[in-house]
Every structure is written in structure tokens, then in C-alpha cells.
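The structure appears below as C-alpha cells.
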Number of protein chains: 2
Amino acid sequence: MVDTAQLEGTLRGVGLRVTRPRVAVLDAVHDHPHADTDSIIQAARRDLPDVSHQAVYDVLRALTDAGLVRRIQPAGSVARYEARVGDNHHHVVCRSCGSIADVDCAVGEAPCLHGDADHGFSIDEAEIVFWGLCPSCSTTTNRGKS
Amino acid sequence: MVDTAQLEGTLRGVGLRVTRPRVAVLDAVHDHPHADTDSIIQAARRDLPDVSHQAVYDVLRALTDAGLVRRIQPAGSVARYEARVGDNHHHVVCRSCGSIADVDCAVGEAPCLHGDADHGFSIDEAEIVFWGLCPSCSTTTNRGKS
DNA sequence: GTGCATTTCTTGACTCGTTCAGGAAAAGCA
DNA sequence: TGCTTTTCCTGAACGAGTCAAGAAATGCAC
């Protein structure tokens with residue numbers, strides 16, 4: 001649970017105006033890591049029943065641009081957001097149910113970042129997605145696999 | 001340029017029926033690495049002017065399931081396909097123009113795959129996307145960056 | 001080669017996450 | 001408190017991808 005005053009301070013800290021939709025959305029992202037936009041809309045509406053979906057989309061973009069939240073979108077998924085930023089962690093995604101978990105990067109800050117055979121690109125981030133099956137899907141689908 | 005007979009053999013090799021749409025699409029993916037679905041439709045229609053977009057979607061799914069092509073989808077992009085499969089290579093994506101290039105993985109087969117803190121997931125693939133700026137966007141956007 | 005069961009393709013409609021647009025409301029500074 | 005700018009709301013629109021049902025083609029058996 002995050003304090004509202006703290007969230008407001010965070011918003012001001014990056015030069016964003018403090019509005020009720022922004023506080024509600026930022027709080028929702030803190031409380032529901034890896035949630036998709038619709039879940040965030042629902043969560044924000046528990047604080048602020050009349051926020052429009054458009055406001056949530058706008059706020060998520062503003063928060064993302066400001067670096068307060070991170071947008072992730074594994075292949076085949078809708079956009080998801082998390083409040084854990086700036087620590088270069090990665091994700092495991094379940095191929096079956098789509099659930100996501102965090103993985104701390106054991107390779108340090110940025111794996112494979114050795115500007116070798118990079119085709120002249122100037123690289124600033126290495127994003128890693130691990131694909132597999134989550135514990136529950138693993139037990140469910142392994143049996144009966146023809 | 002790939003031989004048609006060769007493509008047919010490839011299709012039969014994985015147990016897929018040989019049809020004109022399949023040959024045309026497979027050829028298109030070979031000729032246009034990292035192309036999106038619409039580009040593939042256009043390319044396939046140079047061989048087969050009346051293929052429906054639905055057929056291309058179906059064929060791409062069949063080819064992907066059969067392992068003949070690989071589907072990639074960097075965040076914010078539509079689905080893209082490539083015929084280079086089974087060699088665990090990765091991609092650099094330009095944040096500005098979205099262009100994609102291949103990167104051979106220098107870490108070996110599967111980086112960071114050490115079942116540690118994996119939350120019980122059984123991981124089968126580690127996908128890496130490098131984000132940055134391609135050579136042309138790099139020179140264009142670096143100047144005049146306020 | 002023919003016939004037939006099965007797969008695949010075509011047509012056309014539709015879903016749904018996301019974005020666009022214009023006016024109303026709120027934030028924050030003087 | 002008043003004013004300018006940003007943000008939010010309402011409502012419509014976009015577009016990649018999917019669904020559905022019937023027509024056509026594939027490839028095997030004969």
C-alpha cells in the first residue's frame with residue numbers, strides 16, 4: 001500500500017501536475033504489477049468511479065514518458081504496466097495463461113551489450129523475455145500432452 | 001532467391017500440404033525478413049494476385065506452428081515474420097523508425113537460463129530485444145535534440 | 001487417371017485495444 | 001481571485017487480427 005501524499009510527491013518530482021486520475025492510476029499500477037490497461041481502469045475506478053478510459057490511457061502515457069512506470073508488451077499480449085523501474089529486471093511469461101513474473105537480471109546491468117555486430121545501431125537497452133510455463137499451467141498441460 | 005521446388009520440399013518436409021498461397025507466402029517471408037503481415041500480403045500477391053488476406057494470416061500461422069517461420073513482435077509493433085529459424089539469434093529495433101536487424105547471440109544458446117529465481121516457471125526460450133537507434137535515425141535525431 | 005475425405009482458401013463481417021478530436025474542467029502561478 | 005495552460009471527458013474512429021460458413025483444392029486410395 002502506498003501513501004497518497006507520497007504518490008503526489010512522486011508526480012511533482014518529475015514535473016507532472018497532481019490530479020486525481022493520476023494519483024489513482026499510479027496507485028493502481030503500484031498495487032497491480034503487470035496489469036493490463038483494462039485492469040488498471042477498473043482499479044482506478046475504485047478510487048475514482050468516473051474516470052474515463054481515455055484519461056487512464058493519457059495518464060499511463062504521461063507516467064511512462066516521465067519514467068514513473070514501465071510499459072511492457074510481450075508478443076501476443078496487450079500493453080501491461082509496472083511501477084518497478086530503473087533496476088533492469090526482466091520477465092518470465094507463461095505461454096499458456098500469459099501470467100508474468102519478475103526476474104532479476106543475474107548478468108548485471110545489460111547483457112550482451114558489446115556493440116559487436118550491432119549493424120551500427122546505438123543500443124541503449126537490452127530487454128529479455130523468458131518464455132515458458134508457469135507452475136500451474138506446467139502441471140496442467142504436461143499430462144495429456146499427446 | 002529461393003527455388004519454388006525447394007520451398008515445396010520444405011513444406012512437405014514438415015507435413016504441410018503444398019498450395020500456391022503457402023508457397024507464395026513462404027517465398028515472401030524468405031525475401032523480406034522482418035516484414036509485417038501487410039507487406040507479406042503485398043509480396044505474395046505479386047506471385048498470386050488474388051490471395052485473400054485471411055489466407056495469408058492462416059498460412060503464416062501454419063508456417064509458424066510448423067516451425068518454418070518465426071513470428072516476432074517488439075512492443076508497439078505489429079507482428080513480423082522471418083524465415084531464419086532455429087539459430088537463436090536476436091534483434092535490434094530502432095526506437096525511431098522501427099527497423100529491425102538481426103544480432104547473433106554471443107552468449108551461446110540461451111543467456112541467463114539458469115533456473116534461478118524463476119518463480120517455478122519451466123523456461124524454454126530467452127528472447128532478447130535490443131532497443132536503440134539505427135544508423136540513419138541516429139544521425140538525424142542526435143542533432144537538434146533539445 | 002478418378003473419386004472422395006479432408007484440409008485449405010475466399011468472402012465478408014466483426015471484435016477490441018488503442019488513438020483521434022473538440023470542448024469542458026481543473027491545476028497552478030501571478 | 002483571475003488567467004493561462006494542461007488535463008480530462010464524451011464520443012467517434014481506426015486497424016490489426018479473428019470468426020464463420022461455404023467453395024475450392026489437395027493428396028491419397030483405388
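Labels below follow one simple rule: chain letters A, B, ... track the order of the sequence lines, proteins then strands, and each chain is numbered from 1.
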Counting the atoms with a prime plus P, OP1 and OP2 as sugar-phosphate, which does [X] contact under 4.0 Å by heavy atoms, base, sugar-phosphate, or nothing?
| X | answer |
| --- | --- |
| B/Ala79 | sugar-phosphate |
| B/Ser52 | base |
| B/Asp38 | nothing |

Residue [X], side-chain heavy atoms: nucleotide from [options] that is nearest:
| X | options | answer |
| --- | --- | --- |
| A/Arg17 | D/dT7, C/dT10, D/dG17 | D/dT7 |
| B/Gln54 | D/dA12, D/dC8, D/dC19 | D/dC19 |
| B/His53 | D/dT18, D/dC8, C/dT18 | D/dT18 |
| A/Ala55 | D/dG17, D/dC9, C/dT18 | D/dC9 |
| A/Asp58 | C/dC9, D/dG17, D/dC8 | D/dC8 |
| B/Thr19 | D/dC9, C/dT8, C/dT18 | C/dT8 |
| A/Val78 | D/dT26, C/dG17, C/dC9 | C/dG17 |
| A/Thr37 | C/dT18, C/dC20, C/dG12 | C/dT18 |

How long is the line joining [atom1] of [X] and [atom2] of [N], in whole Å?
| X | N | atom1 | atom2 | result |
| --- | --- | --- | --- | --- |
| B/Asp50 | C/dT11 | CG | P | 7 Å |
| B/Gln73 | D/dG15 | CD | C1' | 14 Å |
| B/Leu26 | C/dT8 | CG | C1' | 16 Å |
| B/Arg22 | D/dG27 | CZ | P | 9 Å |
| B/Arg71 | D/dT18 | CZ | P | 6 Å |
| A/Ile72 | C/dG17 | CD1 | P | 17 Å |
| A/Leu11 | C/dG28 | CG | P | 10 Å |
| B/Leu60 | C/dT8 | CG | P | 14 Å |

Checklist line | DNA chain D: 5'-proximal contact among B/Tyr57 and B/Leu16 (nearest heavy atom) | finding: B/Tyr57

Next item on the list: Taking only Lys NZ, Arg NE, NH1 and NH2, and the carboxylate oxygens of Asp or Glu, determine whether A/Arg20 and A/Asp50 approach each other closer than 4.0 Å.
Entry: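 No, A/Arg20 and A/Asp50 are not salt-bridged.
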
Check: Are any non-hydrogen side-chain atoms of B/His53 and B/Tyr57 less than 4.5 angstrom apart?
Finding: yes

Next item on the list: Please examine the side chains of B/His91 and B/Asp102, heavy atoms only from C-beta on, and report whether any two atoms are closer than 4.5 Å.
Entry: yes

Next item on the list: Indicate whether OP1 or OP2 belonging to C/dT19 is found under 4.0 Å from a side-chain N or O atom of A/Arg61.
Entry: yes

Next item on the list: Return no unless some side-chain N or O of B/Arg20 is found under 4.0 Å from OP1 or OP2 of D/dA25.
Entry: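 Checking B/Arg20 against D/dA25: no side-chain N or O falls below 4.0 Å of OP1 or OP2.
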
Checklist line | Shared hydrophobic cluster for A/Leu11 and A/Leu60 (ILVMFWY, side-chain gaps under 4.5 Å) | finding: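 Yes; A/Leu60 is reachable from A/Leu11 via cluster members.
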
Next item on the list: Please confirm whether the backbone N or O of A/Val23 pairs with a side-chain atom of A/Glu8, one donor and one acceptor, at under 3.5 Å?
Entry: no

Margin query: Can you confirm whether A/Arg84 is buried at CZ, in the sense that more than 12 heavy atoms of other residues, nucleotides or ligands lie under 6.0 Å from that atom?
Written below: yes

